[in-house]
Novice: 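Below are the structure tokens for one structure; questions will follow.
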Amino acid sequence: MLLNKETELTQDSYYEASVARAAASPALAGRSSADVCVIGAGLAGLSAALELAQRGYKVTVLEAKQVGWGASGRNGGQAIVGYASDDAIEAQLPAADARRAWTLTVEGLQLLRDRIGSHGIECDYRPGYLSLARNPKKGRELADWARHLQQDYGYPLQAIPPQQMPHWIASKRYHSGAFDPNSGHLHPLKYCLGLAAAARAAGVVIHENAPVTQVLRGARPLVKTAHGEVACNFVVLAGNVYLNEFGHAIAPQLSPRIMPVGTYITATEPIDAARAAALIPSQAAVCDTNFVLDYFRLSADHRLLFGGRVSYSAVTPRNLEAAMRQRMLDVFPQLSDLALSHTWGGFVDITLNRAPDFGRLDGNLYYLQGFSGHGLALTGMAGKLVAETIAGQAERFDLLARIKHRPFPGGALMRMPALVLGMLYYRLRDIL
Ligand SMILES: Cc1cc2nc3c(=O)[nH]c(=O)nc-3n(C[C@H](O)[C@H](O)[C@H](O)COP(=O)(O)OP(=O)(O)OC[C@H]3O[C@@H](n4cnc5c(N)ncnc54)[C@H](O)[C@@H]3O)c2cc1C
């Protein structure tokens with residue numbers, strides 16, 4: 001069970017504190033109908049809703065809490081090309097299809113920028129993404145990856161050799177890096193709320209505080225909440241790790257295919273602008289290449305937003321703020337005088353092979369899950385692909401839906417211990 005007192009504590013986010021929400025939209029009451037009912041108003045659900053409405057469909061979105069309440073409103077804000085594991089995709093798909101799958105992620109970044117532009121979404125977008133290696137071995141792996149992207153996908157990354165590192169980051173922790181000018185970062189909750197506004201403007205009806213308790217399947221599914229129901233032709237399941245947390249399990253067969261892994265972010269108080277800019281002169285989003293990674297970036301109001309640490313239980317770690325502070329100081333010891341303003345977290349929906357898990361149940365229920373910590377840009381494409389499919393063009397959706405997934409050993413109940421062992425192995429590899 002993910003929704004308990006301890007996990008609620010992790011939501012003290014800088015993002016939530018820096019937006020003004022409109023009054024909640026009304027919960028669903030009585031019976032209504034739609035062509036498509038979307039469950040979940042995160043980036044995946046809202047993207048699907050917007051794309052469907054733009055194609056002329058009547059769409060209702062049901063959100064258990066508030067728009068952007070889940071991972072979409074709390075994440076690291078790094079909109080990056082590729083998948084959490086490009087290897088998994090290359091292992092399963094023929095080379096030409098793997099290339100098409102890669103291209104979808106490049107399109108996802110363009111889609112994000114286009115939406116920001118065409119819907120006038122003010123979300124502090126900044127281009128630039130810096131991958132950093134912690135030691136020479138990881139530096140060689142990063143350089144190999146950059147070469148592979150260039151040669152096989154025609155995607156140029158700028159290699160950063162060790163002697164140039166001081167120009168890119170004011171930290172001695174890193175050996176070398178690679179810069180991607182095409183990826184970038186933004187305020188994810190502002191983007192999510194902007195996407196919801198664009199969807200509403202396109203005719204989508206969004207009900208907040210409307211947890212879906214049951215979906216009666218059939219040729220015309222009935223999606224039920226405590227006080228209302230939506231009859232529709234298609235359902236899009238975009239509930240992330242929370243999908244089966246309310247009332248009756250909606251699609252219990254999906255839960256063992258993803259694992260909720262907690263990851264956390266801390267925000268400093270605003271820093272003097274020049275001092276902040278000196279930390280990351282390119283102002284890019286930054287991520288190291290470790291398996292249990294650190295990811296950080298500067299906000300528009302010159303805070304350092306520093307993410308990392310993982311937990312494999314649904315309970316917020318007790319010493320969270322102190323642990324996050326230490327991680328930040330390991331990278332930037334010069335920030336020891338700064339106070340932290342917010343520390344929060346959320347669950348990443350990882351699959352066993354870290355490739356996204358898209359598919360259909362019964363022909364008219366589509367699911368989008370398993371973004372594996374790499375969903376900010378990819379959710380946009382997921383929504384677009386599901387809309388194309390419902391409109392009769394399934395080819396691109398099926399390219400990704402063909403990827404095979406195995407359930408976590410131990411099923412929904414026992415998957416945690418198995419994952420902890422697996423993660424310990426990778427953690428040891430990071431350290432060694
Ligand atoms: C701390 C953190 C940092 C991250 N950093 C990054 C990053 O820097 N870059 C990146 O690319 N990705 C990152 N991610 C991952 C990224 O945020 C997710 O992949 C993405 O937001 C998933 O979007 P979603 O719409 O699938 O899920 P969510 O945003 O979680 O939305 C699901 C919504 O469905 C609702 N819901 C669920 N079940 C029901 C139901 N039965 N009835 C009604 N509503 C329901 C929930 O309330 C929720 O609002 C991060 C994630 C976390 C938690």
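All values reported here derive from a predicted model rather than from experimental measurement. Side chains included, hydrogens not; waters and symmetry mates left out as well; all remaining heavy atoms used. All ligand and atom numbering here is 1-based and tracks the order in the structure. Along the sequence shown, residues are numbered consecutively beginning with 1.
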Novice: Quick one: do the T351 and N353 side chains pair a donor with an acceptor below 3.5 Å?
Specialist: yes
Novice: Rounded to the nearest 0.5 Å, what's the gap from CG on L104 to CE on M381? Could you check?
Specialist: 5.0 Å
Novice: Ligand 1 versus L368, non-hydrogen atoms closer than 4.0 Å: side chain, backbone, both, neither?
Specialist: neither
Novice: Do any heavy atoms of P211 fall under 4.0 Å from ligand 1?
Specialist: yes
Novice: How far is atom 5 (N) of ligand 1 from the closest protein heavy atom, and which atom is that?
Specialist: G76 N, 2.8 Å
Novice: Tell me the contacting part of H374 for ligand 1: side chain, backbone, both, or neither, using a 4.0 Å heavy-atom threshold, strictly below.
Specialist: backbone
Novice: May I ask which of A71, S47, G40, G239 has a heavy atom nearer to atom 37 (C) of ligand 1 than the others do?
Specialist: G239
Novice: Quick one: nearest non-hydrogen protein atom to atom 49 (O) of ligand 1, plus distance?
Specialist: E63 OE1, 2.7 Å
Novice: Of the side chain and backbone of C192, name the one, both, or neither that has a heavy atom under 4.0 Å from an atom of ligand 1.
Specialist: neither
Novice: For residues S47 and R115, is any side-chain donor paired with an opposing acceptor at under 3.5 Å?
Specialist: yes
Novice: Assess A210 for proximity to ligand 1: is some non-hydrogen atom of it under 4.0 Å away?
Specialist: yes
Novice: With a 4.0 Å cut-off on heavy atoms, is L62 touching ligand 1?
Specialist: yes
Novice: Would you mind telling me if ligand 1 is within reach of the side chain of W344, the backbone, both or neither, using heavy atoms under 4.0 Å?
Specialist: neither
Novice: Atom 22 (C) of ligand 1: which protein heavy atom is closest, and how many Å away?
Specialist: T379 CG2, 3.9 Å
Novice: Between Y153 and T103, do the side chains contain an N or O donor and an N or O acceptor separated by less than 3.5 Å?
Specialist: no
